[in-house]
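What follows is a single structure, written as structure tokens, with notes after it.
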There are 2 protein chains.
Amino acid sequence: MGVTKTEIFTEQQNRIADLAKAFSHPARVAILQLLISRKACVCGDLVDELELAQATVSQHLKELKRIGIIHGEINPPRVCYCINPVVWSEAQKTFGSLLDTFAITESCCN
Amino acid sequence: MGVTKTEIFTEQQNRIADLAKAFSHPARVAILQLLISRKACVCGDLVDELELAQATVSQHLKELKRIGIIHGEINPPRVCYCINPVVWSEAQKTFGSLLDTFAITESCCN
DNA sequence: GTAGTCAATCGTAAAGATACGATAGAATTT
DNA sequence: AAATTCTATCGTATCTTTACGATTGACTAC
């Protein structure tokens, strides 16, 4: 197959997986970090900072836009990207509560 | 190509991406949630809870083990899985600080 | 020892992800 | 209008991921 069986999981589980995808490739992590630090927010600047082809960077930006965690503003002839605060805080809450459901003190099963 | 250029990114970025991979598939999210809630920690029980074949569940468990976020204990004839507290707290810290680097109040670039 | 149980691995098929060169589209500048 | 600039998309190659049936290996129970 090679295709995820989305329908057998909950909305929440699928959304967590999607949000995690934003961070599941080092290039996307780097892009998000650059957007946050503002060392770059124009596509061309990102291409200069990363050692990746323009088409590849554009593809990663598209994926981040699909997830909703970034948002691009056309500023001809450039496109300025920035973090979408709404989805970013969704990610904070989502990962925060997921990671907090496990208490370190709990012992392993056995 | 189809292969990630790991060498052009920092250790930290690659590790974040790897940790995120643990959560980037709904089946793995479901497995981690089941391990936490203890509704199941034996492979067979996970197979019963999820609508996935045994081989598929085993494959996801292998990936989670590779990342280090879970840990399996052989308890013949079963194998009992549990969260690895060390790596779990690493994930807490990692995502916590990454997600906190962006302050909601910051305005978008333009 | 034989049968049964459980989980890992093998083999395989299909789809997705990653990467890049080349091209196209949209806007500014000359 | 023509040239330039910037980014998105197309086409394509290659590798990875997801999924499952079948088999293997390890251990228990009889």
Side-chain angles (χ1 to χ4, degrees), chain A residues 1-9 13-14 17-18 20-31 34-35 40-67 70-82 109-110, chain B residues 1-9 13-14 17-18 20-31 34-35 40-67 70-82 109-110:
Chain A
M1 284 89 207
V3 65
T4 300
K5 297 172 89 180
T6 329
E7 67 282 3
I8 66 170
F9 302 105
Q13 288 165 341
N14 284 311
D18 225 32
K21 256 192 188 173
F23 302 97
S24 70
H25 192 285
R28 288 194 289 270
V29 173
I31 288 173
L34 285 168
L35 290 185
C41 44
V42 174
C43 177
D45 295 343
L46 293 167
V47 174
D48 292 341
E49 292 284 336
L50 308 168
E51 299 175 47
L52 290 171
Q54 185 264 321
T56 305
V57 173
S58 226
Q59 209 169 239
H60 282 301
L61 288 170
K62 190 182 180 181
E63 175 68 1
L64 291 171
K65 262 195 294 187
R66 183 192 64 76
I67 296 165
I70 67 165
H71 148 257
E73 203 153 296
I74 296 161
N75 203 338
R78 288 161 230 276
V79 178
C80 172
Y81 287 98
C82 51
C109 52
N110 49 40
Chain B
M1 283 86 204
V3 64
T4 299
K5 296 172 88 178
T6 328
E7 68 282 2
I8 66 169
F9 303 106
Q13 287 164 341
N14 284 312
D18 226 30
K21 255 192 187 171
F23 301 98
S24 71
H25 192 285
R28 288 194 288 271
V29 173
I31 289 173
L34 285 168
L35 290 184
C41 44
V42 175
C43 178
D45 296 342
L46 292 169
V47 175
D48 292 341
E49 292 282 337
L50 307 170
E51 300 173 47
L52 289 172
Q54 185 264 320
T56 306
V57 173
S58 227
Q59 208 169 241
H60 282 300
L61 288 169
K62 190 181 181 184
E63 174 68 0
L64 291 171
K65 261 195 293 186
R66 184 192 63 77
I67 296 165
I70 68 167
H71 148 256
E73 202 152 294
I74 295 160
N75 204 339
R78 288 162 231 274
V79 177
C80 171
Y81 287 97
C82 52
C109 51
N110 50 39

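As a basis for the values below, the full set of heavy atoms in this structure was taken, side chains included, without hydrogen atoms, waters or symmetry mates.
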Starting at atom [atom1] of [X], determine the distance to atom [atom2] of [N], rounded to an integer number of angstrom.
| X | N | atom1 | atom2 | result |
| --- | --- | --- | --- | --- |
| L64(B) | dT18(D) | CG | P | 10 Å |
| R78(B) | dT28(D) | CZ | C1' | 10 Å |
| L46(A) | dC6(D) | CG | C1' | 13 Å |

Listed by chain and number, what are the side chain to side chain contact (heavy atoms under 4.5 Å, CB included) partners of [X], not counting sequence neighbours?
| X | answer |
| --- | --- |
| D48(A) | D45(A) |
| E63(A) | K21(A), R28(A), R66(A), I67(A) |
| T56(B) | L52(B), A53(B), H60(B) |
| K65(B) | I70(B), Y81(B) |

inquiry  = Strictly below 4.0 Å: does K62(B) bring a side-chain N or O up to OP1 or OP2 of dA7(C)?
reply    = no
request  = Output yes when at least one side-chain N/O atom of R28(A) is less than 4.0 Å from OP1 or OP2 of dT18(C), else no.
outcome  = yes
query = Among all residues two or more places apart in sequence or in another chain, which pass the side chain to side chain donor-acceptor pair (under 3.5 Å) test with Q13(B)?
reply = Q33(A), T10(B)
ask   = What pairs with R78(B) under side chain to side chain donor-acceptor pair (under 3.5 Å), at least two apart in sequence or on another chain?
value = none
request  = Give a yes or no on this: more than 12 heavy atoms of other residues, nucleotides or ligands lie within 6.0 Å of atom CD1 of I8(B).
outcome  = yes
remark   = Among the nucleotides dT7(D), dA19(C), dG16(C), whichever has the atom closest to the side chain of C43(A) is dT7(D)
message = Within residues 51-60 of chain A, which residues have any heavy atom lying less than 4.0 Å from an atom of DNA chain D?
response = Q54(A), A55(A), S58(A)
key: Angle of first-five versus last-five pair axes in the helix from dG1(C)-dC30(D) to dT30(C)-dA1(D), to 10 degrees   = 20°
request  = Keeping to residues at least two apart or across chains, list the salt bridge (charged side-chain N to carboxylate O under 4.0 Å, His left out) pairs with something in residues 49-59 of chain B.
outcome  = K39(B)-E49(B)
request  = Please work out if V47(B) contacts a base, only the sugar-phosphate, or nothing of the nucleic acid, heavy-atom cut-off 4.0 Å.
outcome  = nothing
